[in-house]
Amino acid sequence: MQCSTCNEKAVITHPARCKTCFIHGFEERVWNTIERFSLIRPEERICVAASGGKDSLALLEILHTRYDVHALCVDEGIAGYRDQTIDDLKTFCEQRSIPLKLVSFADLGAQRLDAQNPDHPCSVCGVLRRKALMDYSQGYDVIATGHNLDDEAQSILMNLLRNQTHLLERLGPRTPAQEGIAARIKPFYTTPEREVRAYCLLKGITTNFSECPNVVKSFRWKVGEALNDMEVGRPGAKLAIVENFLKKYYRPQQAIASSQTCTRCAGPSSHELCRACRLIVVNN
Ligand code: SF4
Ligand SMILES: [Zn+2]
Ligand SMILES: [Zn+2]
């Protein structure tokens, strides 16, 4: 098969692309997404939330060519998984002279995720990881994450299935800064997960593509599988979900209002203690 752009030998199908054209097209879409949604504004200091998995390595690979990015990694304490991706991340950042800061759940006063052994590990992990990113990204204007099209379509559908439409306002390509907390941006907002994987392979980015052992226990996993089936029967389904969400719900300038602050950490909270502090207090 030939590349439909330049007639070289194609290495990717749907659409057929040679290595050079695929990499160029992939990176162009990221720059276009940054421009379309005004994700990065002049003079903003950028911190990339990096786990060492394929999405965050690909994001660092692209952003560091135009911006002075720093990487921030949260070690949740997941044996046999996170240690490996952190090793990959350290090597990657050293090779490109990207400053890397490592923090762990212990830095929050919480136990390793493994030691907590929760019934729903992804819920606990997500709350504490967000808290760590919030606390340790002070001094940056934006936190860039490797969330891709598949992740966003899953998040939208999960909120709809749980009848939590009020949480949809927290999604979108750029979540505004609020009260000392950096804005969050998703430069892979319209990039399918399978293309991130292909980009890493073709660029020779060191990553073992391992998955967290807890992922199969999550609701997100089930929704992701259903979406993959839907995409096979109806190509473009994930993008349609995301584009329709943008039209109906996305309000880029609207900061999320929190009615009160947490009495323990002073972070935004709708209760006396924020969710992260409740978890930390219960586990100590
Ligand atoms: S799959 Fe769940 S437990 Fe594993 S890193 Fe992701 S959120 Fe955390
Ligand atoms: Zn080509
Ligand atoms: Zn708190």
Nearest heavy-atom neighbours spanning Phe92 and Ile98: CE2-CD1, 4.2 Å
Close side-chain approach of Ile12 and Leu202, heavy atoms under 4.5 Å: yes
Aromatic ring pairing Tyr199/Phe26, orientation class (parallel under 30°, perpendicular over 60°, tilted between): parallel
Neighbour count >12 (heavy atoms, 6.0 Å) for atom CD, Gln138: yes
Worked check of salt bridge (Lys or Arg N to Asp or Glu O under 4.0 Å) between Glu193 and Arg197: CA-CA 7 Å; Glu193 190 262 346; Arg197 178 179 293 265; 3.8 Å; yes
Pair Arg29 + Glu195, salt bridge at N-O below 4.0 Å: yes
Pairwise side-chain contact, Pro268 with Ile181, heavy-atom cut-off 4.5 Å (strictly under): yes
Derivation of the side-chain contact (heavy atoms from CB on, under 4.5 Å) call for Leu168 and Ile156: CA-CA 7 Å; Leu168 288 171; Ile156 294 164; 4.3 Å; yes
Validation row: Leu171, Tyr249 side chains within 4.5 angstrom (heavy atoms): no
Under-4.0 Å salt bridge between Arg96 and Glu61: yes
Test log, rule side chain to side chain donor-acceptor pair (under 3.5 Å), inputs Thr190 and Thr33: CA-CA 7 Å; Thr190 56; Thr33 300; 3.2 Å; yes
Parallel, tilted or perpendicular, as decided by the 30° and 60° cut-offs, for the rings of Trp31 and Tyr67: tilted
Heavy atoms from other residues, nucleotides or ligands near CZ of Arg234 exceed 12 (cutoff 6.0 Å): no
Pairwise distance CG(Leu72) to CG(Leu102) - rounded to 0.5 angstrom: 8.5 Å
Lys/Arg N to Asp/Glu carboxylate O, Glu243 vs Arg36, below 4.0 Å: yes
Side-chain heavy-atom pair Tyr250, Pro173 within 4.5 angstrom cut-off: yes
Straight-line distance of Glu231 CD to Leu227 CG, nearest 0.5 Å: 8.0 Å
Contact summary for Met1 and Ala16, nearest pair of heavy atoms: SD-CB, 3.5 Å
Heavy-atom neighbours of Arg174 CZ exceed 12 at 6.0 Å: yes
Nearest atoms (heavy-atom pairs only) where Tyr81 meets Glu211: CE1-C, 3.6 Å
Note, Arg45 side chain near Tyr140 side chain (heavy atom, < 4.5 Å): yes
From CA spacing to verdict: side chain to side chain donor-acceptor pair (under 3.5 Å), Arg220, Ser155: CA-CA 8 Å; Arg220 178 175 290 280; Ser155 297; 2.9 Å; yes
Which atom of Leu89 lies closest to which atom of Cys73, heavy atoms considered: CD2-CB, 3.6 Å
Salt bridge present between Glu76 and Arg82 (N-O < 4.0 angstrom): yes
Minimum side-chain heavy-atom gap Ile185-Ile34 below 4.5 Å: no
side-chain contact (heavy atoms from CB on, under 4.5 Å) evaluation trace for Ile205 with Lys54: CA-CA 8 Å; Ile205 294 172; Lys54 68 179 187 324; over 6 Å; no
CG-CG distance between Asp119 and Asn117, expressed to the nearest 0.5 angstrom: 8.0 Å
